[in-house]
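Below, each value reflects all heavy atoms present in this structure, side chains not excepted, and no hydrogens, waters or symmetry copies.
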Amino acid sequence: MKYSKQEVIQYVAEEDVKFIRLAFCDVFGIQKNISIMPGELARAFEYGIAFDASSIAGFGDEKNCDLLLHPEPDTLSLLPWRPEHGKVVRMFSNITYPDGRPFERDTRSLLKRAVADAAKCGYHFDFGAEQEFYLFHLDENGNPTKTPYDEASYMDIAPEDRGENIRREICLTLEQMGILPESSHHEAGPGQNEIDFRYSDAVTAADNTITFQNIAKIVARRNGLFADFGAKPLTDKPGNGFHINVSVKKRSISDNISEKDAGNIDENNNENDSALSFMIAGILEKISDITAFLNPTESSYQRFGQNKAPEYISWSRENRSHLIRIPAAIGKYRRAELRSSDPSANPYLAFALIIYAGLYGIKCERPLPQEARFNSYTADPERLKHLSRLPASLESACRIARGSSFVEEHLPPALIDAYCRKFVQTKSQETQECAMEN
């Protein structure tokens, strides 16, 4: 349900709400919040609630550190695990400077801008998230261990699958919040689980992804467990993937795009299939530039090339060994699945960059490379030699991102610095080191 500001104020008064959480994320997608009392809600809507940005990762230092949170009323959601009396609700918030300017490192606002830019070009993108996570036991002090909750394997059932009730509780909690999971099952690793979500617009999909991770961790803790969304929690077992399903639809008939190369995907050659074809080509071309943001940890790169995680920049129909696959679907379910990202990615940032890469492919009518109709894990080197590889390390990915005009065009320098600073020297440093070596 979409609420107005006045409806939220009325809901809070009538439903015995005692705390309102204003939620936002740091640049890495870690959820933060400030709780306010009902008496402050009108002020929050009119002026915003101030907070110290210098203590938030990637938001800056003590200079000009005051920022404001502006709650979005149509994101109101009751937190069903909180007490029935003295209820708690949550709203996602936009971030601005005190003078009203949008804060450029607010990745949720950055995604909104990407959505608006796509709309100006006549296109709408939908996203569906599939995230994997491990359930681990806690030790006697309540700290996470690396001992899996079970030893079940892919799509096993109880009693081998001990995570069944945990997933059920997560899904029911999300449903109470108006979020609709599509499916859930045990994954290939011991104690590894997956919950998938129905497609929605980009901002809603990112909000739901952030909420899902939070709910999974809360439910796991309530059951004496730890939900680990790290890219590679166990070195010798499958990593956690964040498979991003994305579709694109043409919103306006005034900006016709050509049918060139659309047949690589579908013989119908209609406008949406053309847009999908060009979108995939754009993502393939820009994937190395944006990998540092889709895979932002050192362990992210330990996934690549094994256990259904891609290593090469390639696409195929239905084939899960490639970077992008086209699932077997028709009509409104026609989409592409990007398989390289992992749950440590900030979904707002990931979806924004995918939209911009897709728009690049559409506007420039980039042709799809030849489909890779083979299993990349078992193919001989001769078949793979013409394919480019994904960056092999975070350092490599950051250096590519730093040198990318595409990334520079769409992300503020401070946000790029937050992800890549430790791997990149300034030109003056490099000059000094070269001088010392000579």
Side-chain angles (χ1 to χ4, degrees), residues 129-134 154 187-189 192 194 229-246 264 279-327 335-345 350 353-354 357-358 361 366 368-404 406-407 419-420 423:
E130 302 175 9
Q131 287 206 337
E132 298 164 344
F133 62 98
Y134 275 82
Y154 190 69
E187 256 298 336
Q192 190 182 32
E194 178 176 321
F229 285 87
K232 190 76 170 175
L234 299 174
T235 57
D236 59 341
K237 301 298 180 183
N240 286 325
F242 175 15
H243 301 152
I244 300 173
N245 291 274
V246 55
N264 284 320
M279 179 195 75
I280 294 170
I283 294 172
L284 289 171
E285 190 167 327
K286 299 301 183 184
I287 190 65
S288 292
D289 299 44
I290 65 176
T291 291
F293 308 98
L294 302 180
N295 305 92
T297 68
E298 300 279 4
S299 62
S300 297
Y301 298 83
Q302 298 171 15
R303 287 180 56 244
F304 291 169
Q306 54 182 308
N307 301 115
K308 298 182 181 179
E311 180 180 5
Y312 294 91
I313 300 174
S314 56
W315 76 278
S316 183
R317 295 175 179 86
E318 304 178 33
N319 190 328
R320 284 177 167 80
S321 71
H322 295 283
L323 174 69
I324 293 178
R325 78 179 186 103
I326 312 299
R335 66 193 188 276
E337 180 188 60
L338 178 65
R339 299 181 58 79
S340 60
S341 56
D342 65 70
S344 60
L353 290 169
I354 289 170
R366 301 303 297 165
L368 271 175
Q370 183 178 357
E371 180 183 0
R373 298 183 180 181
F374 53 84
N375 187 328
S376 67
Y377 303 130
T378 58
D380 60 75
E382 187 66 23
R383 300 194 76 176
L384 296 170
K385 69 178 184 180
H386 70 284
L387 296 178
S388 298
R389 279 188 167 92
L390 290 166
S393 67
L394 182 57
E395 179 177 5
S396 174
C398 283
R399 291 190 180 277
I400 294 170
R402 276 287 198 179
S404 167
F406 175 80
V407 170
Y419 276 78
C420 300
F423 292 112

By side-chain contact (heavy atoms from CB on, under 4.5 Å), which residues pair with [X], not counting sequence neighbours?
X	result
Glu298	Leu394, Lys422, Phe423
Ser314	Tyr312, His322, Ala372, Leu387
Ser321	Asn319, Asn375, Ser376, Tyr377
Asp236	Leu234

I need the minimum non-hydrogen distance between [X] and [Y], along with the two atoms involved.
X	Y	result
Ala231	Pro233	C-CD, 3.7 Å
Gln306	Gln302	NE2-O, 2.7 Å
Pro238	Tyr134	O-OH, 2.6 Å
Tyr419	Ala292	CD2-O, 3.9 Å
Ala379	Phe374	CB-CD1, 3.7 Å
Asn245	Arg335	OD1-NE, 2.8 Å

Taking only residues two or more places apart in sequence, or in another chain, which ones meet [X] in a side-chain hydrogen bond (donor to acceptor under 3.5 Å, both in side chains)?
X	answer
Asp342	Asn295, Ser300, Ser344
Gln131	Gln213
Arg303	none
Gln370	none

Legend entry - Selection residues 281-290 - residue pairs positive for side chain to side chain donor-acceptor pair (under 3.5 Å), sequence neighbours left out: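 For residues 281-290, and leaving out neighbouring residues, the side chain to side chain donor-acceptor pair (under 3.5 Å) pairs sorted by first residue read Glu285-Tyr360, Glu285-Arg366, Asp289-Ser404.
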
Any chance you could measure [X], atom [atom1], to [Y], atom [atom2], to the nearest 0.5 Å?
X	Y	atom1	atom2	answer
Ile354	Ser341	CD1	OG	6.0 Å
Phe304	Leu390	CZ	CG	5.0 Å
Ile287	Ile280	CD1	CD1	12.5 Å
Trp315	Ile283	CH2	CD1	13.0 Å

Legend entry - pair Leu284-Ile324: side-chain heavy atoms closer than 4.5 Å: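 Yes, at least one pair of side-chain atoms sits under 4.5 Å.
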
Legend entry - Option from Glu132, Lys232, Gln192, Glu187 for which side chain to side chain donor-acceptor pair (under 3.5 Å) with Asn240 holds: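 Among the candidates, only Gln192 passes.
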
Taking salt bridge (charged side-chain N to carboxylate O under 4.0 Å, His left out) as the test, write out the residues that go with [X], two or more places apart.
X	answer
Glu311	Arg389
Arg383	none
Glu337	Arg325, Arg339

